Structure formats: structure tokens, C-alpha cells
Amino acid sequence: MAEAERIIGTPDSAGADETAASDASAAREETAAPGGTSDHDGTPAPEGQAAPEERPKGRRRIVALFVVAVLAYLLDLGSKMLVVAKLEGHEPIDLIGDLLRLDAIRNPGAAFGMGEAFTIIFTCIAAAVIVVIIRLARKLYSLPWAIALGLLLGGALGNLTDRIFRSPGVFEGAVVDFIAPAHFAVFNLADSAIVCGGILIVILSFRGLDPDGTVHKD
């Protein structure tokens with residue numbers, strides 16, 4: 001009889017087994033409770049430890065970067081070709097009274113007419129920016145960063161094209177500017193793309209978003 005009870009199991013022993021299983025389950029739930037966040041391996045994170053950075057999964061945004069860059073570049077190049085063909089050597093065109101006009105000029109300096117004596121230096125800087133953006137593209141998983149860097153890349157390529165191919169010579173060419181607001185420097189679409197891309201990068205940095213998609217929780 002004793003041997004049969006041992007094999008079959010008595011109601012009391014079955015209840016004890018259920019109680020032990022319930023206690024073990026409760027212990028596991030307490031481990032993952034607010035006292036500490038459980039890691040992927042089941043080890044609870046200590047209290048007060050910063051939450052891990054979030055990195056959204058997804059594919060690299062190289063295509064988006066180059067699409068934006070090509071669009072910015074083609075818009076800038078096309079507008080400059082049109083200005084040189086139709087506006088250069090002619091009277092400025094008033095768009096909004098005296099507030100905004102189109103006036104073709106050649107600018108040997110940087111954006112907005114600054115640093116006219118350093119054309120070669122600005123050319124080298126633009127080339128370096130292009131190389132850095134292309135290298136960064138390998139780690140680019142954020143779409144907003146792809147748009148920002150695409151604007152920078154397209155704008156830099158637009159002005160660099162002028163530096164290389166326009167007179168007076170290679171790496172000393174003057175950039176074609178034509179957008180002339182009142183009481184402000186004359187600029188072009190490449191300058192606008194560079195400024196917009198820079199502003200977007202500042203905003204993304206303040207929001208804690210990195211080019212690789214990492215989101216900081218600071």
C-alpha cells in the first residue's frame with residue numbers, strides 16, 4: 001500500500017507540488033518587476049541604472065541620402081544654368097518689390113559672399129565635407145539624418161562644381177549667386193540646402209538622435 005501511494009501520489013503531495021510551482025512563478029515575476037529591469041539574458045538591471053539606448057531596427061538610408069543629394073544638386077545646377085543663360089548681364093528681376101529680386105553675380109568666396117580671398121581653402125573644405133558624408137553613409141540608419149546629410153552633400157557638390165568648372169580657373173572658380181533679398185547677401189539654392197541641412201542636424205542633435213538611429217534618453 002505504501003509503495004502504491006508513493007507511485008500514484010497522494011492529494012496532499014500533489015497540492016504541495018502545485019504550491020511550489022506557484023511560488024517559483026511568483027519569484028520569477030518579482031525578478032522582472034519595477035525593482036529592476038530585466039536584461040535580455042534574464043539578469044535584472046540594478047535600480048537607478050539608466051535605461052539602455054534605443055536603436056530602431058531597419059535598413060541603412062544610403063539611398064535616401066543620395067536621392068536628396070541628387071535632387072538638391074540638380075535643382076542648384078539647373079537654376080545656375082538658367083541664370084547664366086537668361087539673367088547674367090541683364091537688369092535684376094524684382095519678385096517681391098524691393099524685398100526680393102533675382103540678380104546674377106559671381107562670388108569667389110564662401111556662402112553669402114564671405115571670405116572672397118580664400119577661394120581655394122573653401123574648395124578644399126567643401127571637398128572634405130563631401131568625403132566625410134560619404135564615409136558616414138555606411139552607418140546611416142536614420143531617415144531624418146539622411147535628409148539632412150543629403151541636403152549638405154547636394155549643396156556642397158553644387159558649389160564645388162562651380163569652383164572646379166567656372167572661371168577664372170580650376171579650384172578658383174566663382175560661384176553663381178542670384179537670390180537677392182533686401183539688406184542681405186546674395187546666395188543660391190546650394191547655399192540654402194547647406195543651411196537647411198545644418199539646421200536640421202542641430203535639431204536632431206538636441207533631440208538625441210544619432211545618424212545610426214540610436215536614441216539617447218538623457
Side-chain angles (χ1 to χ4, degrees), residues 39-40 50-84 100 102 107 109-115 118-166 171 173-179 181 184-218:
D39 294 334
H40 293 294
E53 298 172 347
E54 297 180 3
R55 180 173 177 176
K57 295 181 180 180
R59 58 185 179 181
R60 288 184 294 181
R61 302 296 183 175
I62 298 177
V63 173
L65 183 150
F66 285 109
V67 167
V68 174
V70 169
L71 288 176
Y73 177 75
L74 292 179
L75 286 173
D76 177 70
L77 182 63
S79 64
K80 288 174 179 175
M81 294 175 63
L82 185 62
V83 165
V84 170
L100 180 64
L102 300 180
N107 170 28
F112 307 110
M114 298 182 293
F118 303 98
T119 304
I120 296 180
I121 295 177
F122 292 133
T123 302
C124 295
I125 293 174
V129 169
I130 292 171
V131 171
V132 170
I133 293 175
I134 293 175
R135 289 177 59 87
L136 184 61
R138 296 178 300 174
K139 301 179 181 179
L140 188 61
Y141 287 85
S142 168
L143 182 58
W145 269 96
I147 296 173
L149 294 177
L151 290 172
L152 281 180
L153 181 59
L157 283 171
N159 284 338
L160 184 61
T161 300
D162 285 356
R163 303 288 186 198
I164 295 175
F165 295 105
R166 297 194 186 276
F171 299 120
V175 174
V176 176
D177 290 336
F178 57 93
I179 303 173
F184 195 73
V186 184
F187 59 95
N188 56 42
L189 294 184
D191 298 332
S192 301
I194 291 172
V195 171
C196 292
I199 292 174
L200 183 54
I201 287 175
V202 171
I203 294 174
L204 296 175
S205 299
F206 273 110
R207 296 187 63 181
L209 180 62
D210 287 345
D212 64 355
T214 301
V215 180
H216 297 282
K217 293 297 186 179
D218 298 339

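This is a predicted model, so every value here is computed, not measured.
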Item to check | Point-to-point distance, once rounded to the nearest 0.5 Å, from CG of L152 to CG of L157 | outcome: 11.0 Å
Checklist outcome for this item: Nearest heavy-atom contact between L143 and A64 is CD1-CB, 3.8 Å
Checklist entry - Which value, rounded to the nearest 0.5 Å, describes the distance between I62 atom CD1 and L149 atom CG? => result 11.5 Å
Next on the checklist: Please give me the minimum heavy-atom distance between R166 and V176, naming the atom from each residue.
Outcome noted: NE-CG2, 3.5 Å
Checklist entry - So, Y73 versus T161: side-chain donor-acceptor pair below 3.5 Å or not? => result yes
Item to check | Check: N159 side chain, A156 main-chain N or O, donor-acceptor pair, under 3.5 Å | outcome: no
Next on the checklist: Could you measure the distance from the CD1 atom of I203 to the OG atom of S205? Nearest 0.5 Å is fine.
Outcome noted: 10.0 Å
Checklist entry - How many angstroms lie between CE in M81 and CG in L74, if you round to the nearest 0.5 Å? => result 10.5 Å
Next on the checklist: Looking at R163 and A174, would you say the former's side chain and the latter's main chain have a donor-acceptor pair under 3.5 Å?
Outcome noted: no
Checklist entry - Does W145 use its side chain to pair, donor to acceptor, with the backbone of L65 at less than 3.5 Å? => result no
Checklist entry - Side chains of F178 and L189: closer than 4.5 Å at any heavy-atom pair? => result yes
Item to check | Contact check, side chains of D177 and D191, non-hydrogen atoms, under 4.5 Å | outcome: yes
Checklist entry - Distance from L204 atom CG to I199 atom CD1, nearest 0.5 Å? => result 12.0 Å
Item to check | Y141 and P211, any side-chain heavy atoms less than 4.5 Å apart | outcome: no
Checklist entry - Could you walk me through whether I179 and N188 pass the side chain to side chain contact (heavy atoms under 4.5 Å, CB included) check? => result CA-CA 6 Å; I179 303 173; N188 56 42; 5.6 Å; no
Next on the checklist: When you measure from the side chain of D210 to the backbone of D212, do you find a donor-acceptor pair of N or O atoms at a distance under 3.5 Å?
Outcome noted: no
Item to check | Heavy-atom closest contact (L200 atom, A148 atom, distance) | outcome: CD2-CB, 3.6 Å
